[in-house]
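Quick one: this structure, given as structure tokens, is what I'll be asking you about.
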Number of protein chains: 2
Amino acid sequence: MSQPATQEPPAPRAEFAVSVDLTAVVVAVTDDQPRVLIVRPAEASTGGLDALPSGPLELGHRTLESGLRAWVEAQARAKLGYIEQLYTFGDRDRTALKVPTGRILSIGYLALARETGAAAANTSWQDWYRYFPWEDWRRGRPPILDRLEPRLRGWVAAGPSRGEQTTRKTRISVAFGLDGARWSEERVLERYELLYEIGLAAEAHRDGSPTGDPESDVPTEAQPMTADHRRILATGIARLRGKIKYRPVVFELMPPAFTLLQLQRTVEALAGLRLHKQNFRRLVAQQGLVEETGGMVTGTGGRPAREVRFRQEVLIERPAPGLRLPIAR
Amino acid sequence: MSQPATQEPPAPRAEFAVSVDLTAVVVAVTDDQPRVLIVRPAEASTGGLDALPSGPLELGHRTLESGLRAWVEAQARAKLGYIEQLYTFGDRDRTALKVPTGRILSIGYLALARETGAAAANTSWQDWYRYFPWEDWRRGRPPILDRLEPRLRGWVAAGPSRGEQTTRKTRISVAFGLDGARWSEERVLERYELLYEIGLAAEAHRDGSPTGDPESDVPTEAQPMTADHRRILATGIARLRGKIKYRPVVFELMPPAFTLLQLQRTVEALAGLRLHKQNFRRLVAQQGLVEETGGMVTGTGGRPAREVRFRQEVLIERPAPGLRLPIAR
DNA sequence: CTTTCTTATGCTCAAGATTAGCATAATCAC
DNA sequence: GTGATTATGCTAATCTTGAGCATAAGAAAG
């Protein structure tokens, strides 16, 4: 196993520089579009690439979460609601910035917010499908997949052995819903990691990936991000898509009162799928997730809708109150 | 974004020592008992308390996971199978070891293994319910809950305001399945955190918790652990209990061939619940999780059982192959 | 070798939850 | 008003689940 040359176990540890970045995927849904808070400094530090709000962990931060909150609220001038830790990334070679004598860890967080009018200077809200265009199936199978699929198949065929080819085939089928497998909206990270591995994510070339062909990228279609931020974003989307099914987190993204269609559109925006309207409503109703405010909302382009609000009591009543996805096929 | 120490702003960060510990919850199930790999050095470093295997992140570790693997395999002389990251803990005040000029992060991992005959010196496998006796409902409601419940109620009553009392009451009901709420086997961490907060976990006093009464602990019944290890273990148990429902991870804990009852007992050990036998078998069968090896196992104390093995193909066929828990009531 | 215990398996019934639609009610844009 | 659009109510057919009954096949005790 690896030991620093100087060490005698179990004792004095070899110190080297570790810096810890707290990085946030801040999500809001506006106009039926899922959006992430993006910091785009013109600085060289990100190579002009889009970045997630982040900042170093400091001594003054009592908890990791409070540190994150401080950074994001300073950068975005927005108050965060729900926050959860996603994952800690620390691969030595997965960022352009190689530090031979130290190490960078990024602790990723997911935060849910409601988009307020004015984002702070040099921050903006961006549609998250800008970074993952293959993830939006709301208007059917995304066309970009037609361009990706042959590349994936090429990678399968390029496998060094029969066995490896089979493994690769299974991987792309499961991840991208090919060869009869069903598209699974939660496999966001798996898909991104696969594209990175194959060399179809711009970041892989920047990091000096051995595989893939730099020119044959899909950069103009899918926006890359700085450092490992796109990976963190993928993790956040995946987590959120999973979580809405068994925790009432969507309501953190809704205004205090809303209609069932608005709720459905928000869920659809997050999941990247169309849902069956009547079944969605029945689900919401029978789970007791909402209660009527008594108001009606007109101007929806049709019959006026009942206005509802989140019903706090479900939290006590149900072990896993969430929105199963009655997918419209 | 992260910057190496030598680089100039945009934000010259206050440098301070961060050391990163990789800590593993290594789980095996033997004799229908869920067990964790424990390191118990007689050293002062842990105050003689039980500890999870862990070690500092080092420069030589290419990825966090490979670093963890190296440490655990060195300490336990055991090969790890499945590994997943759990959570990164970094609260400044949640450990006895206060470092005024620095900070300790623990990155917790869950690993699944099969217990091999000989554990390495000063490591051992311990029943995880030793640390969480209230989590084992296989023989009915654990008696320790009768002693805990009045303490929980006392904490509710001690709330400073009506509102706070209501909040507290909801919290204990949901977490511990009181007042009509159902016991949820996944809320392991929530329960531990609550006990810590109330001052019913020995670690809270060690860390200098403001609440609670040191003598009135339950230390002889529930074993504490060093640093934040019990918190990490709780996180691991919770994650595993959730994961078996939608990923075929239990099979990592089973021998290559086994009977359905063995499988059921393993799941029960993990979940801390008794399951309905016939329904459990129907579930396993209809999901296509196992296939017959052709062999029969006699000597089970009854009719011989068919021997089965895990069926790899489910991974491709089903989006979420796992063992829903048909609880026996 | 018979009885009794224990585990393995097959099956069934009823209650609930889901899938996929049909049909009708209100507004909105012209 | 007409047609388009959205809101809601309802239903039939399937599936899934929770709870058990009943039978089969070894093991242990006598």
Side-chain angles (χ1 to χ4, degrees), chain A residues 31-32 138 182 245-246 257-268 271 273-308 314 317-329, chain B residues 31-32 138 182-183 185 245-246 257-268 271 273-309 317-329:
Chain A
D31 300 332
D32 301 339
R138 285 177 295 173
R182 190 174 298 175
K245 294 179 191 158
Y246 59 94
F258 48 88
T259 69
L260 288 179
L261 188 59
Q262 277 168 30
L263 181 64
Q264 182 181 342
R265 293 283 180 246
T266 302
V267 174
E268 289 176 335
L273 293 171
R274 277 261 165 258
L275 303 182
H276 185 285
K277 182 166 178 165
Q278 294 92 325
N279 290 345
F280 178 81
R281 302 164 143 265
R282 184 186 41 197
L283 222 79
V284 173
Q286 83 186 18
Q287 298 234 17
L289 281 164
V290 300
E291 61 195 0
E292 299 183 13
T293 63
M296 295 292 278
V297 180
T298 80
T300 52
R303 174 175 169 173
R306 273 194 251 279
E307 195 181 52
V308 297
V314 259
E317 297 164 1
R318 302 210 146 234
L323 291 164
R324 244 66 44 69
L325 306 181
I327 297 167
R329 267 188 281 268
Chain B
D31 300 331
D32 302 338
R138 286 176 293 173
R182 190 173 299 175
W183 175 264
E185 82 284 351
K245 294 178 191 156
Y246 60 94
F258 47 88
T259 69
L260 288 179
L261 186 59
Q262 278 169 30
L263 182 63
Q264 182 181 342
R265 293 285 179 244
T266 301
V267 174
E268 289 176 336
L273 293 172
R274 278 260 164 256
L275 304 181
H276 184 285
K277 184 165 177 167
Q278 295 92 324
N279 291 345
F280 177 81
R281 299 163 144 266
R282 181 178 52 189
L283 223 79
V284 173
Q286 84 186 16
Q287 298 233 16
L289 282 165
V290 301
E291 60 195 359
E292 299 183 13
T293 62
M296 295 292 278
V297 180
T298 81
T300 51
R303 175 173 169 175
R306 273 195 251 278
E307 194 182 52
V308 297
R309 69 168 83 89
E317 297 163 3
R318 303 209 145 235
L323 291 164
R324 245 67 43 69
L325 306 182
I327 297 166
R329 270 187 281 268

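Lettering follows sequence order; numbering is per chain, from 1. We use all heavy atoms of the structure for the numbers below, so side chains are in, but hydrogens, waters and symmetry mates are not.
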Q. Which part of the nucleic acid does A:L260 contact within heavy-atom distance under 4.0 Å: base, sugar-phosphate only, or nothing?
A.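 It contacts nothing in the nucleic acid.
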Q | Atom pair distance, as rounded to whole Å: CG in A:L263 and P in D:dA7 | A | 12 Å
Q) Across the strands shown, which category fits A:Q278 at heavy-atom distances under 4.0 angstrom: base, sugar-phosphate, nothing? A) base
Q | Spacing between B:L275 atom CG and D:dA19 atom P, to the nearest angstrom | A | 12 Å
Q: Starting from P on D:dA7, measure out to NE2 on A:H276 and report it in whole angstrom.
A: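 A:H276 atom NE2 is separated from D:dA7 atom P by 15 Å.
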Q: Could you tell me whether the side chain of A:R281 has a donor or acceptor atom within less than 3.5 Å of a complementary atom in the base of D:dG9?
A: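 No, no donor-acceptor pair under 3.5 Å.
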Q.
Run A:F280 and A:L323 through side chain to side chain contact (heavy atoms under 4.5 Å, CB included) and show every step you take.
A. CA-CA 8 Å; A:F280 178 81; A:L323 291 164; 4.1 Å; yes
Q: Write down the distance between CD1 (A:I327) and P (C:dT18), rounded to a whole number of angstrom.
A: 13 Å
Q. In terms of side-chain heavy atoms of B:L283, which of C:dG21, D:dT17, C:dA26 is nearest?
A.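 Nearest listed nucleotide: D:dT17.
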Q. Of the nucleotides D:dG18, C:dT27, D:dG26, which has the atom closest to the B:P304 side chain?
A. D:dG26
Q: Describe the nucleic acid contact of B:R282 in one word from base, sugar-phosphate, nothing, applying a heavy-atom distance below 4.0 Å.
A: base
Q) Mapping B:T298 and B:R324 to their closest nucleotides on DNA chain D, which lands nearer the 5' end? A)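 Result of the comparison: B:R324.
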Q: Starting from the 5' end of DNA chain D, give me the residue, A:R303 or B:N279, whose nearest nucleotide shows up first.
A: A:R303
Q. Roughly how many Å is it from CE in B:M296 to P in D:dG26, rounded to a whole number?
A. 7 Å
**Q.** Contact under 4.0 Å: A:K277 side-chain N or O vs D:dA7 OP1/OP2
**A.** yes
Q: Any chance you could lay out the side chain to side chain contact (heavy atoms under 4.5 Å, CB included) test for A:R265 and A:Q262, step after step, and finish with the verdict?
A: CA-CA 5 Å; A:R265 293 283 180 246; A:Q262 277 168 30; 5.8 Å; no
Show me, pair by pair, the donor-acceptor contacts under 3.5 angstrom made by side chains of residues 302-309 of chain B, not counting sequence neighbours?
unit_1, atom_1, unit_2, atom_2, d
B:R306, NE, B:E292, OE2, 3.3
B:E307, OE1, B:T293, OG1, 2.9
B:R309, NH1, B:E291, OE2, 3.2

Q. Whole Å only: how far is the CZ atom of A:F280 from the C1' atom of C:dA17?
A. 17 Å
Q | Length of the line joining B:Q286:CD and D:dT17:P, which is rounded to integer Å | A | 6 Å
Q: Mark yes or no for whether B:Q264, through its side chain, and B:L275, through its backbone, hold a donor-acceptor pair below 3.5 Å.
A: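 Yes, because the side chain of B:Q264 sits within donor-acceptor range (under 3.5 Å) of the backbone of B:L275.
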Q. Any side-chain N or O of B:R306 under 4.0 Å from OP1/OP2 of D:dA24?
A. no
Q: Assess whether side chain to side chain contact (heavy atoms under 4.5 Å, CB included) is satisfied between A:R324 and A:L283, documenting all intermediate values.
A: CA-CA 8 Å; A:R324 244 66 44 69; A:L283 222 79; 3.5 Å; yes
Q. Rounded to the Å, how far apart are A:Q262 CD and D:dT5 P?
A. 19 Å
